[in-house]
Amino acid sequence: MKIATWNVNSVRSRLERLIAFLGRHDPDIVCLQELKTTEENFPFDEIKAAGYHSAIFGQKTYNGVAILSKSEPSDVSRSMTDGAEDPQARLISADVAGVRIISGYFPNGGTVGSDKWEYKLDWMKRLGAYLEKHHKKSEALLLCGDTNIALDDKDVANPESWAETVLCHPEGRAALNDVIAWGLHDVFREKNPDGGLYSWWDYRMLGFPKNDGLRIDHILATSSLAKKCTAAVIDRDERKGSKPSDHAPVIAEFSL
DNA sequence: ATGGTTGCTTAGCAA
């Protein structure tokens with residue numbers, strides 16, 4: 001089973017690239033983030049024609065997440081269903097081929113200390129409670145998405161310039177590590193222990209040409225699946241060329 | 001350098 005996670009930064013402006021990506025990699029499942037559109041305007045037909053079902057949780061202008069899959073998803077759940085007052089579409093879950101798939105777009109956090117930063121930390125706390133309430137670590141489960149956190153300085157090309165920012169702050173790292181400690185494994189790290197590989201480069205300040213990147217997109221697997229992971233890569237080429245997303249897709253394969 | 005680029009929406013926000 002091959003799964004990809006990709007923050008597309010608008011599914012409509014990235015549709016041509018997305019369809020080409022599906023053809024190039026032939027993934028069984030794709031978790032998308034930052035759709036930036038409502039369900040009404042989601043390109044279901046084009047994605048269906050490429051051979052994929054779409055389970056989506058959309059929102060106008062901002063956020064929005066989806067799970068694309070060759071086999072039909074079931075038991076689709078949108079948001080954390082915890083009664084919190086939260087209008088932001090950032091989490092969707094579904095069963096696909098016997099695996100629980102979660103696509104998450106973690107809050108960026110604005111600047112450390114801001115209201116958005118507090119929301120980011122609280123959102124990760126809620127996610128930990130969501131996993132605890134709805135799942136068991138003995139399940140086959142994949143939490144995929146843009147976490148907006150680089151867990152380690154070896155996932156940051158220029159750690160000194162990103163230190164203490166929302167993507168690298170120790171409190172954010174601790175919050176994501178708390179989620180992971182529930183029973184998840186960073187399969188990309190396990191396959192690429194040396195670091196130095198990135199999934200996001202800022203559009204500004206020549207981020208990609210200078211390779212000023214961070215690995216902030218993750219595929220996190222429960223241990224039964226992590227043991228079966230055979231490969232984990234980043235499609236850095238997808239960041240090249242005309243009209244790329246600012247994120248590159250992360251892809252993992254599992255022998256099920 | 002509180003900068004810069006992109007997308008949605010059409011002036012300002014979010015990233």
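Below, chains carry the letters A, B, ... as their sequence lines are ordered, and counting in each starts from 1.
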Distance-only donor-acceptor pairs under 3.5 Å for side chains of residues 43-59 of chain A, two or more places apart:
residue : atom : partner : partner atom : Å
A/Tyr52 : OH   : A/Pro27 : O            : 2.5
A/Gln59 : OE1  : A/Asn63 : ND2          : 3.2
A/Gln59 : OE1  : A/Ala89 : N            : 2.8

### Task
Find which nucleotide of DNA chain B each of A/Asp202 and A/Pro107 is nearest to by heavy atoms, and output the residue with the more 5' nucleotide.
A/Asp202

### Task
For A/Arg90 and for A/Met205, locate the closest nucleotide of DNA chain B by heavy-atom distance; then report the residue assigned to the nucleotide nearer the 5' terminus.
A/Met205

I need the [atom1]-[atom2] distance between [X] and [N], as an integer number of Å.
{"X": "A/Asn7", "N": "B/dA14", "atom1": "CG", "atom2": "C1'", "value": "12 Å"}
{"X": "A/Asp217", "N": "B/dA15", "atom1": "CG", "atom2": "P", "value": "15 Å"}
{"X": "A/Gln88", "N": "B/dA14", "atom1": "CD", "atom2": "P", "value": "9 Å"}
{"X": "A/Leu206", "N": "B/dG3", "atom1": "CG", "atom2": "P", "value": "18 Å"}
{"X": "A/Arg204", "N": "B/dA14", "atom1": "CZ", "atom2": "C1'", "value": "9 Å"}
{"X": "A/Asp246", "N": "B/dA14", "atom1": "CG", "atom2": "C1'", "value": "11 Å"}
{"X": "A/Asp212", "N": "B/dA15", "atom1": "CG", "atom2": "P", "value": "19 Å"}

In whole Å, measure the gap between the [atom1] atoms of [N] and [M] for me.
{"N": "B/dT6", "M": "B/dA11", "atom1": "C1'", "value": "16 Å"}
{"N": "B/dC13", "M": "B/dT9", "atom1": "P", "value": "15 Å"}
{"N": "B/dC8", "M": "B/dG3", "atom1": "C1'", "value": "22 Å"}
{"N": "B/dG4", "M": "B/dA15", "atom1": "C1'", "value": "13 Å"}
{"N": "B/dA14", "M": "B/dT2", "atom1": "C1'", "value": "16 Å"}

#### Entry: For A/Arg215, the option from A/Asp153, A/Asp152, A/Asp186 that meets salt bridge (Lys or Arg N to Asp or Glu O under 4.0 Å)
A/Asp186

### Query
Hey, which of A/Arg14, A/Lys243, A/Arg17 is the one that makes salt bridge (Lys or Arg N to Asp or Glu O under 4.0 Å) with A/Glu238?
A/Arg17

#### Entry: In one Ile/Leu/Val/Met/Phe/Trp/Tyr side-chain cluster, 4.5 Å: A/Val76, A/Tyr105
yes

### Query
Among pairs that include at least one residue of residues 67-78 of chain A, which meet side-chain hydrogen bond (donor to acceptor under 3.5 Å, both in side chains), considering only residues two or more places apart or in two chains?
A/Asp26-A/Lys70

### Query
Contact class for A/Phe208 vs. all strands (heavy atom < 4.0 Å): base, sugar-phosphate, or nothing?
nothing

Could you go over nucleotides 6-8 of chain B and give all protein N or O partners under 3.5 Å, atom names and distances?
residue : atom : partner  : partner atom : Å
B/dG7   : OP1  : A/Arg14  : NH1          : 3.2
B/dG7   : OP1  : A/Arg14  : NH2          : 3.4
B/dG7   : OP2  : A/Lys243 : NZ           : 3.4
B/dG7   : O3'  : A/Ser10  : OG           : 3.3
B/dC8   : OP1  : A/Ser10  : OG           : 2.3

### Message
Under a 3.5 Å cutoff, is there a donor and acceptor pairing between the side chains of A/Trp200 and A/Asp246?
### Response
yes

### Task
Give the ring-plane orientation class for A/Phe21 versus A/His25, where under 30° counts as parallel, over 60° as perpendicular and anything between as tilted.
tilted

